[in-house]
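The block underneath contains the structure these notes are about, expressed in structure tokens.
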Amino acid sequence: MSLDPDDWPALRAQGHKMLDDMFDYVEHIRDRAVWQPIPDAVRGAFAAPVPHEPTALAEVHDDFLRLILPYATGNVHPGFMGWVHGGGTAVGLLAEMLAGGLNANCGGRDHVPIEVERQLVRWAAALFGFPGTASGIVLTGTSAANLYAVLIARHWALGPVVRDQGVGAAPLAAYSSAGAHGCIPQAMDVAGLGRDALRLVAVDASHRIDVAALEAAIAADRAAGKRPFLLFGTAGAVDTGAIDDLAALAAVAARERLWFHVDGAFGALAILAPALRHRLAGIERASSIAFDFHKWLQVPYDAGFLLVRDGARHRATFAAPAAYLRRDEGGLAGGAFWPCDYGLELSRGFRALKAWFTLRVFGTERLGRTIAHTCALAQHLKQLVERTPALELMAPVELNIVCFRYRGRDPDRLNAGIVVRLHESGIAAPSTTLIGGAVVIRAAIVNHRTEARDLAALVAATLAIGGELAAAPPI
Ligand SMILES: *Cc1c(COP(=O)(O)O)cnc(C)c1O
């Protein structure tokens with residue numbers, strides 16, 4: 001009844017072909033469109049019913065090559081600059097394969113995949129200057145890590161009773177900049193605190209949280225009988241890349257006795273780039289830090305991380321005894337560190353392996369250089385924009401994100417239209433955001449494959465499409 005192949009040599013040949021196909025894909029990614037619209041027939045192919053009968057692996061793989069691979073997101077491509085997406089690496093691809101073969105369940109038990117994750121925790125603690133008692137866990141991404149941080153801070157503020165009785169009517173208040181990522185209000189919602197308990201504090205001209213406005217908001221809440229408990233700092237705001245003054249926030253948090261969580265989804269990893277790391281000063285005083293391996297570190301999706309200074313508090317937030325899980329006498333059910341005590345997932349894959357391979361194979365210095373390079377490219381794009389009269393820079397370029405627009409009548413519609421046409425052209429894939437209420441073209445340079453020529457292509461295509469759309473009669 002085994003599902004293993006009858007013919008291992010044939011499986012081996014097919015497997016090698018599949019691996020080679022993916023190497024070809026990555027090696028020659030420039031020859032493809034960044035993205036292409038999905039033809040109706042392709043989308044329709046996924047209406048096929050439940051497959052009751054088997055299909056040969058080679059045939060399913062042909063379908064993958066024909067129907068799936070050409071219509072992927074495009075973030076492997078150097079012309080992809082939308083949102084904040086990592087480009088992946090061939091090393092990460094191979095590590096994913098190894099993890100698939102091991103099929104380890106990293107919820108707990110005594111096996112070395114858990115030690116790999118523990119080593120990642122120690123490495124993260126060392127990089128951010130956290131103590132040896134810090135804890136950490138690999139998660140799907142920063143959205144999950146930010147939610148975990150809210151849950152841990154909630155436990156810290158209300159004590160263990162919150163696990164039995166919930167938050168009740170506790171008048172807790174939290175603070176973030178108005179430029180914080182949307183997953184932060186969502187985390188407040190999901191944690192039962194409600195989005196209204198999050199104060200979105202105004203930002204300054206550099207899109208950093210206004211610290212005086214923050215202090216005023218905390219004072220107003222205290223005067224109104226609220227209980228401030230949690231301060232979010234942003235290291236790498238999603239719109240502009242702005243980094244809050246983390247040292248000032250750490251001081252406010254210490255004075256006001258707040259849990260200080262840093263959303264460093266991509267920006268926290270600027271710690272690896274010597275020329276950038278001073279911008280994160282203060283992050284070493286955070287209570288917790290969330291960041292993604294799958295963005296600036298180019299680890300394949302998905303892999304995020306939460307680092308917590310007070311490992312005991314982290315564990316107390318989630319750990320639950322269950323008789324069927326473990327025994328302390330040793331054997332496979334032993335092991336001192338069970339990741340399921342540090343989160344919601346009991347069964348969890350070996351995500352840590354691809355991050356571990358990436359860090360070991362490239363080393364933090366080289367990874368830091370690729371991070372610094374994306375910021376240098378952003379400065380280059382900024383200069384291209386400033387030198388081009390038809391374009392207008394819309395926000396300071398703090399890290400690796402450039403917000404600009406094409407000048408013209410009805411600029412919001414014009415620029416939204418340009419971005420759609422850019423995607424359809426297959427040349428470049430920036431995204432859009434709102435800066436001061438205006439629709440702007442937003443290029444986030446995250447991919448390690450992106451080069452100056454990709455930025456030149458983005459600008460040229462923007463000018464060509466912008467000229468065409470601006471000349472078209474209004475409809
Ligand atoms: C991407 C991002 C997130 C969300 O992270 P995911 O890994 O997509 O869940 C949160 N905050 C910031 C600043 C981000 O850039």
Side-chain angles (χ1 to χ4, degrees), residues 106-109 114 117-118 121 124-125 130-139 143-176 183-198 218 221-222 225-232 250 253-263 285-290 304-328 333-348:
C106 294
R109 289 156 289 272
I114 301 285
E117 186 159 355
R118 292 182 81 177
V121 174
F130 271 40
T133 48
S135 59
I137 188 162
V138 178
L139 295 164
S143 302
N146 284 340
L147 170 61
Y148 275 34
V150 173
L151 295 171
I152 299 165
R154 194 184 76 157
H155 188 278
W156 172 75
L158 299 179
V161 67
V162 72
R163 297 193 63 184
D164 296 318
Q165 297 176 9
V167 292
L172 296 180
Y175 306 82
S176 76
C183 68
I184 287 179
Q186 190 185 30
M188 293 291 291
D189 161 12
V190 173
L193 299 163
R195 284 180 290 214
D196 289 353
L198 177 69
I218 294 170
D221 276 331
R222 289 213 194 276
K226 302 283 186 203
R227 195 164 148 210
F229 82 113
L230 169 58
L231 172 59
F232 294 96
R255 197 164 59 238
E256 299 283 350
R257 292 204 185 75
L258 309 177
W259 186 275
F260 176 35
H261 173 70
V262 174
D263 175 356
R285 288 154 70 191
S287 312
S288 51
I289 304 172
F305 194 78
L306 177 70
L307 180 66
V308 182
R309 175 179 304 280
D310 179 353
R313 176 66 63 185
H314 182 181
R315 189 175 190 282
T317 302
F318 294 105
Y324 50 83
L325 279 181
R326 74 186 90 176
R327 293 282 176 269
D328 289 334
F337 176 71
W338 283 54
C340 65
D341 288 336
Y342 294 83
L344 304 172
E345 298 158 330
L346 179 54
S347 292
R348 40 197 304 281

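Note: hydrogens, waters and symmetry copies are ignored here, and every other heavy atom, side chains too, is used.
In plain terms, the two heavy atoms of Gly311 and Tyr342 that are nearest each other are O-CE2, 3.8 Å. Scanning both residues, Met188 and Ala174, for their nearest heavy atoms gives CE-CB, 3.7 Å. Closest heavy-atom contact between Phe130 and Ala286: CZ-O, 3.2 Å. Considering all non-hydrogen atoms of both residues, Asp221 and Ala173 come closest at OD2-CB, 3.8 Å. Nearest heavy-atom pair across Ala320 and Asp341 is N-OD1, 4.3 Å. Closest approach of Ile114 and Cys106 over heavy atoms only: CD1-O, 3.7 Å.
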*Start with the C-alpha gap between Val167 and Val162, add the side-chain angles, then the distance that decides, and say whether side chain to side chain contact (heavy atoms under 4.5 Å, CB included) holds.*
CA-CA 6 Å; Val167 292; Val162 72; 3.9 Å; yes

*Which is it for Asp263 and Phe232 under the side chain to side chain contact (heavy atoms under 4.5 Å, CB included) test, yes or no, and what are the steps along the way?*
CA-CA 7 Å; Asp263 175 356; Phe232 294 96; 5.7 Å; no

*Please step through side chain to side chain contact (heavy atoms under 4.5 Å, CB included) for the pair Ile137 and His314, ending with a clear verdict.*
CA-CA 10 Å; Ile137 188 162; His314 182 181; 4.0 Å; yes

*Start with the C-alpha gap between Tyr148 and Phe318, add the side-chain angles, then the distance that decides, and say whether ring pair (Phe, Tyr, Trp, His ring centres under 6.0 Å) holds.*
CA-CA 9 Å; Tyr148 275 34; Phe318 294 105; 4.8 Å; yes

*Run the side chain to side chain contact (heavy atoms under 4.5 Å, CB included) check on Leu147 and Leu139 step by step: do they pass?*
CA-CA 11 Å; Leu147 170 61; Leu139 295 164; over 6 Å; no

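Heavy-atom contacts from other residues, nucleotides or ligands closer than 6.0 Å to CZ of Arg255 number more than 12. At most 12 non-hydrogen atoms from other residues, nucleotides or ligands lie less than 6.0 angstrom from CZ of Arg195.
Side-chain contact check for Leu193 versus Leu230: every heavy-atom pair is 4.5 Å or farther apart. Counting heavy atoms from C-beta on, the side chains of Arg348 and Pro339 come closer than 4.5 Å. By the 4.5 Å heavy-atom criterion applied to side chains, Trp156 and Thr317 are not counted as neighbours. Looking at His261 and Asn146, their side chains come closer than 4.5 Å, going by heavy atoms from C-beta outward. Using a 4.5 Å heavy-atom cutoff, the side chains of Leu231 and Ile218 are not in contact.
Between the side chains of His155 and Arg313, a donor-acceptor pair is found at a separation under 3.5 Å.
To the nearest 0.5 Å, atom CZ of residue Arg227 and atom CG of residue Leu158 are 5.5 Å apart. Here Arg315 contributes atom CZ and Phe337 contributes atom CZ; the two are 9.5 Å apart, rounded to the nearest 0.5 Å.
A donor-acceptor pair under 3.5 Å is absent between the side-chain atoms of Arg285 and the main chain of Ala253, judged by distance alone. With hydrogens and angles disregarded, no donor-acceptor distance shorter than 3.5 Å links the side chain of Ser288 to the backbone of Val308. A side-chain donor-acceptor contact under 3.5 Å links Arg154 to the backbone of Ala191.
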